Number of protein chains: 2
Amino acid sequence: MPTAEKRPRADAVRNFERLLETAREQFETRGAEMAFEDVARVAGLGKGTLYRHFPTRDHLLAALLASTFEDLAVEADRLLATRAPLEAYVEWLGAFDRMPAPYRGLRAVLMESLGDDASAIAIACEPLKRSFAAIVAGAQRDGLVHVHIDSDELMTVVAALPDHLRGTEPQHPWLDVVIDGSLTDAGRQARRT
Amino acid sequence: MPTAEKRPRADAVRNFERLLETAREQFETRGAEMAFEDVARVAGLGKGTLYRHFPTRDHLLAALLASTFEDLAVEADRLLATRAPLEAYVEWLGAFDRMPAPYRGLRAVLMESLGDDASAIAIACEPLKRSFAAIVAGAQRDGLVHVHIDSDELMTVVAALPDHLRGTEPQHPWLDVVIDGSLTDAGRQARRT
DNA sequence: ACCTGAACACCGTTCAAGT
DNA sequence: ACCTGAACACCGTTCAAGT
């Protein structure tokens, strides 16, 4: 008995991969606002083919970033299991902050998409959101992070930190300010020791 | 002896004002990404005329916001003169945060422009930046705000707070987190009393 | 000196025709 | 079933011609 999912045509599979590869190159050199048209042209395929595989820019970016998002979810689970709550919280936010670094304009996209639950990116980020939410809940249970902090919103705020304030350091200079502002007095105390 | 500045032609003056007025309407209804073309068309003038008066979108927005920027500078001076340093700091940031509220997309523009000293908006903001810098310096002198906080960067970060996290309250819910993160322990202490 | 709008460019999106 | 690229739309920007 055949599988429910029909296997796509061989040329469709080939084109899908070719587009993804070209998009990745464009994404790295031109940033997240790369021209949709160029991706198709450089890949040597029609625009329609690109639209067939990726109906929106979000779908394309979500496909490009899928493995990055998975890594972040795994990292969150690892930190939750192996570190103290506050340490897990601070370290994961650092990892999340560094993630968009190689891709110009990605922060702006994330900031928009994370809030819109219907977007392909938000859907791809769901596991990662859930894992970070567990870290935040743990830190809140211990009275280290303010209870009114929402983990999804915090991610959005961190993604919104202006790119051009970033220096040569891997970590955004204002991340520490946001983290500190999210901590209770006990959390601040604990962070110093 | 005539003035050094030649007086512009009467129709030029009339058109300038007409464009500004139309742009304000468009800005309020369509947001900061309003179509440049539409402003000219709705004003009943050619596109070239718009470009003559406002070479870039930034020039147009700077003209629209000039009085708002002036108000913020005056307000900063007033707070510096009449309030305790911490109170002036917190209150002015609140005023700055509420300022872009009526204009969709203005935050994104500010976030970009404030960092680029050559932009018309950054130039229009210079008095306001200087006045706020004085407030920050005062609060830092009293050990209430961390010394590594740069007042211009702080403004950029506040402008970058995601619009869609804003609720019905006039003040952005994350402004408090950023402010708290910028304070020293003494500053936090003082804020509670 | 200033205004006008045609003209060009660039790019996103759709869809009829082809394989 | 999938691909192609012409065609349309929208908008920013420039500039030759007009007043």
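Letters A, B, ... are given to chains in the order of the sequence lines, protein chains preceding strands, and every chain is numbered from 1. Keep in mind that this is a model prediction, so the values were computed, not measured. Below, all heavy atoms of this structure are taken into account, side chains as well, without hydrogens, waters or symmetry copies.
Under the side-chain contact (heavy atoms from CB on, under 4.5 Å) test applied with B/L86, the options B/T193, B/I179, B/L144, B/D142 reduce to a single match, B/L144.
Between A/H53 and D/dC3, a side-chain N or O to OP1/OP2 separation shorter than 4.0 Å is present. Residue B/N15 has no polar side-chain atom (N or O) positioned under 4.0 Å from OP1 or OP2 of C/dC2.
Legend: side-chain hydrogen bond (donor to acceptor under 3.5 Å, both in side chains) pairs involving residues 150-167 of chain B, not counting sequence neighbours, sorted by first then second residue: A/W174-B/E153, B/D97-B/R166, B/R107-B/D163.
Between B/Y51 and B/F36, the distance from one ring center to the other falls under 6.0 angstrom.
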Under 4.0 Å protein heavy-atom contact, by nucleotide of nucleotides 12-19 of chain C - B base, S sugar-phosphate only: BBBB----
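Put simply, CZ on B/R14 is 18 Å from P on C/dA1, counting in whole angstrom units.
In B/R83, the CZ atom is crowded: over 12 heavy atoms of neighbouring residues, nucleotides or ligands sit closer than 6.0 Å.
Note that the CD atom of A/E21 and the CZ atom of A/R18 stand 8.0 Å from one another [nearest 0.5 Å].
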Given pairs defined as Watson-Crick or G-U wobble with both distances under 3.5 Å, what dot-bracket annotation applies to DNA chain D, with ( ) intrastrand, [ ] crossing, | other strand and . unpaired? ||.|||||...|||||.||
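Ring-plane geometry between B/F16 and B/H53 is classed as perpendicular, the angle between the planes exceeding 60 degrees on a 0 to 90 degree scale with a lower cut at 30.
Taking 4.0 Å as the cut-off between side-chain N and carboxylate O, B/R41 and B/D38 count as a salt-bridged pair.
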